[in-house]
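The figures here come from the full heavy-atom set of this structure, side chains too, leaving out hydrogens, waters and symmetry mates.
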Amino acid sequence: MTDAVQGGMEWVPRFGMLEVPRRRAELIRGLFEVAAWVADHPELPMPWVSAVMIPCETSFQRDIRVVGDVAEALGVASAFAADGAYVAQRRFGPVQVKCIVRPVPHGVGAQAPASEAGWRDERERTAGSGVADA
């Protein structure tokens, strides 16, 4: 499926053209490409697939609202984990989808980074500390 040129409809849901931003369309296409690759290579181990969303709002309280919105869209309840993270998660078969936010600990900063790049920088800076590991 991925090795030969095809019409492209084998892995596309029947909902016509998507009116979504480019980055969202690229993600959707990537998910279909992973599915096609798994189908093309039954001789290889199946991948473990986890999709993680990390809100990038300006405060922990706003991030909590985003996690709540994701939980509602997933049809699940969101909750605080033992480590203080606020999480919504659901499985679609073996695929896990999770939205998670952690409070910024004292001394790291008074406010969560406001941009996706800021979150990425914060996760890299605190990698291995347990602060940003999902």
Side-chain angles (χ1 to χ4, degrees):
M1 301 198 137
T2 57
D3 298 333
V5 176
Q6 302 204 5
M9 296 309 293
E10 292 81 10
W11 294 98
V12 179
R14 308 247 189 298
F15 47 61
M17 294 298 291
L18 291 175
E19 295 293 328
V20 298
R22 181 178 178 190
R23 288 186 61 207
R24 192 165 290 261
E26 290 170 352
L27 172 66
I28 292 166
R29 178 65 186 183
L31 293 169
F32 285 120
E33 289 174 0
V34 168
W37 181 84
V38 169
D40 280 351
H41 299 284
E43 76 282 5
L44 298 176
M46 290 195 326
W48 183 70
V49 181
S50 180
V52 179
M53 294 171 272
I54 300 175
C56 301
E57 298 296 327
T58 56
S59 73
F60 184 59
Q61 291 304 317
R62 292 178 101 179
D63 288 341
I64 286 175
R65 282 194 290 270
V66 172
V67 173
D69 292 345
V70 170
E72 184 177 333
L74 290 172
V76 299
S78 51
F80 281 98
D83 64 357
Y86 195 60
V87 183
Q89 59 187 346
R90 177 178 173 193
R91 289 196 168 279
F92 294 89
V95 177
Q96 178 188 35
V97 175
K98 179 193 301 191
C99 184
I100 184 170
V101 64
R102 297 182 188 279
V104 178
H106 180 71
V108 173
Q111 203 172 41
S115 69
E116 184 177 277
W119 270 102
R120 187 170 30 260
D121 294 343
E122 184 68 14
R123 287 194 311 264
E124 290 169 2
R125 193 177 70 70
T126 59
S129 68
V131 173
D133 301 332

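Within the model, atoms CZ of Arg29 and CG of Leu27 stand 12.5 Å from one another, a figure rounded to the nearest 0.5 Å. Separating the CZ atom in Arg23 from the CD atom in Glu26 is a distance of 8.0 Å, to the nearest 0.5 Å. Glu19 contributes atom CD, which lies 14.0 Å from atom CZ of Arg24 (distance to the nearest 0.5 angstrom).
Under the 4.5 Å side-chain heavy-atom criterion for ILVMFWY residues, a single connected hydrophobic cluster contains both Trp37 and Val34. In the hydrophobic cluster analysis, where Ile, Leu, Val, Met, Phe, Trp and Tyr join through side-chain heavy atoms closer than 4.5 angstrom, Val49 is grouped apart from Met46.
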Before giving the answer on side chain to side chain contact (heavy atoms under 4.5 Å, CB included), spell out for Val97 and Gln89 the whole-Å C-alpha distance, their side-chain angles and the decisive distance to 0.1 Å.
CA-CA 6 Å; Val97 175; Gln89 59 187 346; over 6 Å; no

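The minimum heavy-atom distance linking Pro94 with Arg91 is given by the pair O-NH1, 3.3 Å.
Judged purely by atom type and a 3.5 angstrom limit, Asp63 has no side-chain atom pairing as donor or acceptor with the backbone of Val101.
Residues satisfying the side chain to side chain donor-acceptor pair (under 3.5 Å) criterion with Arg90, sequence neighbours excluded, are absent altogether.
With contacts defined as side-chain heavy-atom distances shorter than 4.5 Å, the pair Cys99/Val87 does not qualify.
Note on Asp83 versus Arg102: salt bridge recorded, some NZ/NE/NH1/NH2 to OD/OE distance being below 4.0 Å.
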Ignoring hydrogens and angles, write down the donor-acceptor pairs under 3.5 Å from the side chains of residues 66-80, residues two or more places apart or on other chains.
from, atom 1, to, atom 2, distance (Å)
Ser78, OG, Tyr86, OH, 2.7

